[in-house]
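First comes the structure, then the notes that go with it.
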2 protein chains.
Amino acid sequence: MFWEDALVKERVTVVDIARAAGVSKSTVSLVLQGSPLVNEVTRAKVNATIRELGYVYNRSAANLRQSKSKIIGIVVNDLTNSFFAELAVGVDAVVQSAGFVQFLANTNEKIERQREVVASMREHGVSGLIISPARGTEAADLAPLVDSGIPVVLVVRDIADAGVSSLTSDNHAGAMAAVRHLIARGHRRIAFLGGFPDTVVFEARMRGYRDALLEARLDAADVLVIGSAPSRAGGVTAIEQAMMLADRPTAALCFNDAVAFGVCDGLRARRLEPGADFAVIGFDDVIEAKTAVPALTTVSVDPQGMGQRAAELLLKQINAGRAEAESIIGSVRLVVRQSCGAAIERRTREALS
Amino acid sequence: MFWEDALVKERVTVVDIARAAGVSKSTVSLVLQGSPLVNEVTRAKVNATIRELGYVYNRSAANLRQSKSKIIGIVVNDLTNSFFAELAVGVDAVVQSAGFVQFLANTNEKIERQREVVASMREHGVSGLIISPARGTEAADLAPLVDSGIPVVLVVRDIADAGVSSLTSDNHAGAMAAVRHLIARGHRRIAFLGGFPDTVVFEARMRGYRDALLEARLDAADVLVIGSAPSRAGGVTAIEQAMMLADRPTAALCFNDAVAFGVCDGLRARRLEPGADFAVIGFDDVIEAKTAVPALTTVSVDPQGMGQRAAELLLKQINAGRAEAESIIGSVRLVVRQSCGAAIERRTREALS
DNA sequence: ATTCATAATTGGAACGTTCCAAATCAGTCA
DNA sequence: TGACTGATTTGGAACGTTCCAATTATGAAT
């Protein structure tokens, strides 16, 4: 074992570079920032010494001086859900290319946790924040952030009167499209399964479901909407409950894809084949939706693209200084695959003709 | 529209607090750090003014002064894979409780991207790094990090001679256990499906598979190991290829759960029921494994727990200054559920008796 | 030679903390 | 009273950048 003395030597700074390259620290700083003011040959010399001495830029110092950072924060309420994981990679992709790095925190729907992480991010001087707020978050919770002029963009769940930008999807229209499709396929008893009833997303999707039913003068019975955790496990319990009903549904729109997968699982547990014996439609279009069997018919909100757009919106606001809050409602489209039984029906129809 | 003048006023700092509370900035600093040196009444007074003026601590400044931060970095190669998402939430949970915040970056297996994010994290002065290295990462890629004394813990994939701590799982033993189980259930033609053959994880699991076969004097034909992307889609293609074989397998150990789900999908596409007509075993035990139908038999590595342990190991090293590199090989256990057909066999056996 | 413009470089004062050494305070004891 | 405690408090110099204003070098025009 050696004493590794080399490790103990102190950090190399711009003045070390300056001394070694025979210029002033100001010049080194200019080079670091890629300023066009410095002469090509000195720039080369400086860059050479930087490499040679193994200099690493100290962003803490820079942040302190300029009172701004190349950091953005992203806080989600459930990273375990593919939807949010994909959202995060979408964000990551664009912030990385912009030379930013992201703090990521998971709140697990705990509002206290959220308060802590947001405070911590503020102390670290994030330049902006993308947040999918935990259930029960109020405008007041975001106030300190927006008062201090930090751009915030809400994703997925909007908060009324928060005065910040938001990026949501057209949940109402998506749900309507899905239910209309089921009705067109001949279904008359359609359930709405999964999700926490006290969220604005649930509310919007459920309203879309109901409006489509009403439009077709169908029964929108309360027993047919069954809440649950918005997870695969929640889907299993929701479909079980639905199958207890005296007058069983023959199709369901699910709160999200995770629930839809759970519903398929629950169906199979009862020896029912999703897509053939029961139509199921999801919401989100997570990556597995395409490859699952049966492939999931779902309302595509493109989580990764949503993350990208959120990040772009945030960066725009950061660069613009203080920008107007804008609310974007992303459009959404029904992508018809196997799980709603459409393909099977087509096949039988073809066989008959 | 108002001109929101209030927003423009500059940041409040410790000297503002000091002035307002009638003490020196040193005292305020002491209070901030919870030092026992300060008198209770002044502490209270200071805390009051802090709240009153809406002070927010500037960690950039503190980091600069103390040349250390409360930031750790975590870089994963595919956040879209539930395994890594869960790993990340495990890490998040423990670092958050320790008052740290995490930079999270996704490399998408791009080694260039990885280089960039690691460099960026270094500039930001992370106190430690948890990394699941991208395919093809070499010890040399981590050298600058370890030379500068930043603790690093490798997760999932170890790198030979990197001189850093690592936390992997006993892939060889897990694979053996799984295959032994299949053999005990009467299977004789067992495939190994999915994964990139040039990774150490693949290598270890495949060796375990092979050793179990050899142990039982069974044929370990090369055609039965079929690589693919370690994803759901990869699983679909792998099983398709396996079913092309003249002498088809009746069971498969899959590289990971994502592949296993894909294999189930592919089986169903051919009207084969996983668990009844074909036994499949996964690897990882991601959260959906339990609720899927059929519930997935899999080798449990507890990704979230793994993230936690990795974070604990890292924090230990950070606190200890310079610690010995330790390699932990997490133990692993086969959790038998439905997809390997065990339950079904038991049922038929019971029916016969 | 002098002036002027332009290009390139530079010293030094910030930024908001922490931390050391030193100073002040309030008792206590001779 | 004065010296001696222990408990609190406090200036001021760092930390590694950036940025302003000012300086020097270079060359062209007079």
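Numbered from 1 within each chain, the chains take letters A, B, ... in sequence-line order.
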Indicate yes or no: at least one non-hydrogen side-chain atom of Ile71(A) is less than 4.5 angstrom from one of Phe103(B).
-> yes
With a 4.5 Å limit on heavy-atom distance, are the side chains of Thr13(B) and Lys25(B) in contact?
->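 A side-chain contact under 4.5 Å is absent here.
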Separation of [X] atom [atom1] from [N] atom [atom2], in whole Å?
X	N	atom1	atom2	value
Leu30(B)	dG12(D)	CG	C1'	15 Å
Leu64(B)	dT18(D)	CG	C1'	12 Å
Ile17(A)	dT17(D)	CD1	C1'	13 Å
Lys25(B)	dG16(C)	NZ	P	13 Å
Arg43(A)	dT9(C)	CZ	C1'	13 Å
Asn58(B)	dT18(C)	CG	C1'	13 Å
Tyr57(A)	dT17(D)	OH	C1'	7 Å
Asn39(A)	dT9(C)	CG	C1'	10 Å

Give one of base, sugar-phosphate or nothing for Val15(A), where a contact means two heavy atoms less than 4.0 Å apart.
-> nothing
Inspect the contact between [Y] and [X] and indicate whether a charged nitrogen and a carboxylate oxygen are less than 4.0 angstrom apart.
X	Y	result
Arg157(A)	Glu109(A)	yes
Glu40(A)	Arg43(A)	yes
Glu312(B)	Arg309(B)	no

Considering just the side-chain nitrogens and oxygens of [X], establish if one lies under 4.0 Å of OP1 or OP2 belonging to [N].
X	N	answer
Gln66(B)	dC19(C)	yes
Thr27(A)	dT10(C)	yes
Thr42(A)	dT9(C)	yes
Gln33(A)	dT17(D)	no
Ser29(B)	dT18(C)	yes

State, without any angle test, whether Gln33(B) and Ser29(B) hold a side-chain donor-acceptor pair at a distance under 3.5 Å.
-> yes
Check residues 90-99 of chain B and write down every donor-acceptor pair under 3.5 Å in which the side-chain atom is one partner and the other belongs to a residue at least two apart or another chain.
{"residue": "Asp92(B)", "atom": "OD1", "partner": "Gln96(B)", "partner atom": "NE2", "Å": "3.1"}
{"residue": "Asp92(B)", "atom": "OD1", "partner": "Gln102(B)", "partner atom": "NE2", "Å": "2.9"}
{"residue": "Asp92(B)", "atom": "OD2", "partner": "Asn106(A)", "partner atom": "N", "Å": "3.3"}
{"residue": "Asp92(B)", "atom": "OD2", "partner": "Gln96(B)", "partner atom": "NE2", "Å": "2.7"}
{"residue": "Gln96(B)", "atom": "OE1", "partner": "Arg113(A)", "partner atom": "NE", "Å": "2.4"}
{"residue": "Gln96(B)", "atom": "OE1", "partner": "Arg113(A)", "partner atom": "NH2", "Å": "3.3"}
{"residue": "Ser97(B)", "atom": "OG", "partner": "Ala93(B)", "partner atom": "O", "Å": "2.7"}

Any N or O donor-acceptor pair linking the side chain of Arg65(A) to the base of dT18(D) at under 3.5 Å?
->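 Indeed there is one.
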Polar atom pairs (N or O), protein with nucleotides 20-26 of chain D, under 3.5 Å:
none

